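Computed from a predicted structure; not experimentally measured.
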Amino acid sequence: LVIAVLVLALVHVFSSNIYKNEEEFSSFADSKITENELYSLKDTKTKYEYSKPFSVAIRRDNGINHDVREFRNDIIKKIIAYESVKSKNDENRDCVQALFIDTAAFKSGNGAISLYIHYDKYRQKGRDMVLDTAHVNTYLFNEKNMLALDPLQVLNVNYKDKASEYADEYFEKTYNNNDIVEYYKDFTSANDKNFNKFFITKNGIVFVFDQHTVVSDDLGVAKMFVPNRIIGSAIRPEVLDRYINPSKPMVAITYDDGP
């Protein structure tokens, strides 16, 4: 019995959750990407780039079309390059680090394409890998010409009111009280700064919130899915090809044709 206890104690002391080879890294990457995914996807492919101390895994769907794929691939390259340099400049250069990128694109049904790129950075802390930083960016394109769209070209002006009204109910049901930060309503009120990051699926809209906003930092990026029955009326039947956002800077040009 004493020997068994000693063996268990030694296993605990020397055990580690840090991957040691490509197979273990792939398994760890799959678990974390699935655990932190913003939307459940079926037709995806994951690419693994294992090395020491910095490894990368990228999960993506087919990207709707060539233009979307080219756009997001360019963004992904920039993300990897930036995080790779940070890793090399880390004070502890031998610290194991992993970057997980998850991305998908959707047709909204009203002529818009929405794209999200979500990436989490994990790093070694003792004998474990912990979430260090989390980021998410969303993009809107006109399906006809692939020009970037303002949110109000895709959604009606009241969409933030509907999202804000739904936020309290959603976060109270979805997250534990200890996971929601005290000041989360600063980021769920209907103002110009909030609810600008989202993507539209066939079932509703997924709003995403940066790390350090609505939930504790160790949870990374937060999401709020609002079903069509709640927010469907806020989606424009067709995207607006032209739109002037009065909240943004403007330039007035006048002409004088002489006396």
Side-chain angles (χ1 to χ4, degrees), residues 10-41 44-61 63 68-105 115-139 175-176 178-181 187 197 199 206 208-223:
L10 288 172
V11 169
H12 174 73
V13 169
F14 292 104
S15 64
S16 170
N17 289 325
I18 300 177
Y19 48 83
K20 301 176 184 63
N21 52 51
E22 185 171 3
E23 182 179 356
E24 289 183 5
F25 169 71
S26 300
S27 177
F28 178 70
D30 288 341
S31 68
K32 290 303 178 183
I33 290 175
T34 302
E35 177 184 325
N36 299 327
E37 66 185 1
L38 300 179
Y39 194 76
S40 180
L41 299 166
T44 61
K45 293 182 179 179
T46 304
K47 179 182 178 182
Y48 308 97
E49 299 175 5
Y50 171 75
S51 69
K52 293 183 178 180
F54 181 69
S55 301
V56 179
I58 309 165
R59 186 180 77 165
R60 54 190 134 196
D61 65 352
V68 172
R69 288 191 291 270
E70 287 295 304
F71 175 86
R72 80 171 176 193
N73 288 344
D74 183 57
I75 298 294
I76 288 172
K77 288 179 183 177
K78 292 176 180 177
I79 292 171
I80 294 174
Y82 175 75
E83 294 294 346
S84 177
V85 169
K86 281 182 62 179
S87 175
K88 291 177 181 177
N89 294 333
D90 195 289
E91 293 181 359
N92 182 2
R93 293 190 177 184
D94 295 327
C95 176
V96 177
Q97 300 182 45
L99 177 65
F100 302 138
I101 302 175
D102 186 28
T103 174
L115 165 72
Y116 74 78
I117 299 178
H118 169 212
Y119 56 106
D120 293 332
K121 178 88 166 284
Y122 281 79
R123 63 182 291 118
Q124 178 183 354
K125 185 176 181 181
R127 295 191 298 272
D128 205 354
M129 293 292 289
V130 298
L131 181 65
D132 184 29
T133 58
H135 304 271
V136 62
N137 292 309
T138 62
Y139 309 87
Y175 292 90
N176 295 324
N178 293 335
D179 293 332
I180 303 173
V181 299
F187 300 93
K197 290 186 177 184
F199 55 94
V206 179
V208 291
F209 303 84
D210 293 320
Q211 191 180 32
H212 317 301
T213 57
V214 297
V215 296
S216 56
D217 289 356
D218 61 308
L219 294 180
V221 169
K223 63 182 178 181

**Complete:** The reported gap from CG in L41 to CZ in R59 (rounded to nearest 0.5 angstrom) is 5.0 Å
**Prompt:** Does a salt bridge link D74 with K78, judged by any charged N lying under 4.0 Å from a carboxylate O?
**Reply:** yes
**Complete:** Contacts of E22 meeting salt bridge (charged side-chain N to carboxylate O under 4.0 Å, His left out) (sequence neighbours excluded), chain-then-number -> none
**Asked** Would you call Q124 and Q97 a side-chain contact if the rule is heavy atoms closer than 4.5 Å?
**Response** no
**Request:** State plainly whether the residues K125 and D132 are in salt-bridge range, i.e. N to O under 4.0 Å.
**Result:** no
**Item:** Nearest-0.5 Å distance, NZ of residue K32 to CG of residue D120
**Value:** 9.5 Å
**Asked** So which of I80, D102, I33 actually passes side-chain contact (heavy atoms from CB on, under 4.5 Å) with I58?
**Response** I80
**E49 atom CD, over 12 foreign heavy atoms within 6.0 Å** = yes
**Euclidean distance, L131 CG relative to R123 CZ, rounded to 0.5 Å** = 11.5 Å
**Request:** Taking the side chain as every heavy atom from C-beta outward, state whether F25 and V96 have any atom pair closer than 4.5 Å.
**Result:** no
**Item:** M129 and Y19, any side-chain heavy atoms less than 4.5 Å apart
**Value:** yes
**Message:** With a 4.5 Å cut-off on side-chain heavy atoms, are V208 and Y116 touching?
**Reply:** no
**Message:** Could you tell me if the side chain of V206 sits less than 4.5 Å from the side chain of T138, heavy atoms only?
**Reply:** no
**Asked** Can you tell if the side chain of N137 reaches within under 4.5 Å of the side chain of I75, non-hydrogen atoms only?
**Response** no
**Asked** Are the ring centres of F28 and F100 closer than 6.0 Å?
**Response** yes
**Prompt:** Would you say Y50 and S26 make side-chain contact, with heavy atoms under 4.5 Å?
**Reply:** no
**Item:** Centroid separation F187 to F209 less than 6.0 Å
**Value:** no
**Message:** Is the shortest side-chain heavy-atom distance between V56 and E83 below 4.5 Å?
**Reply:** no
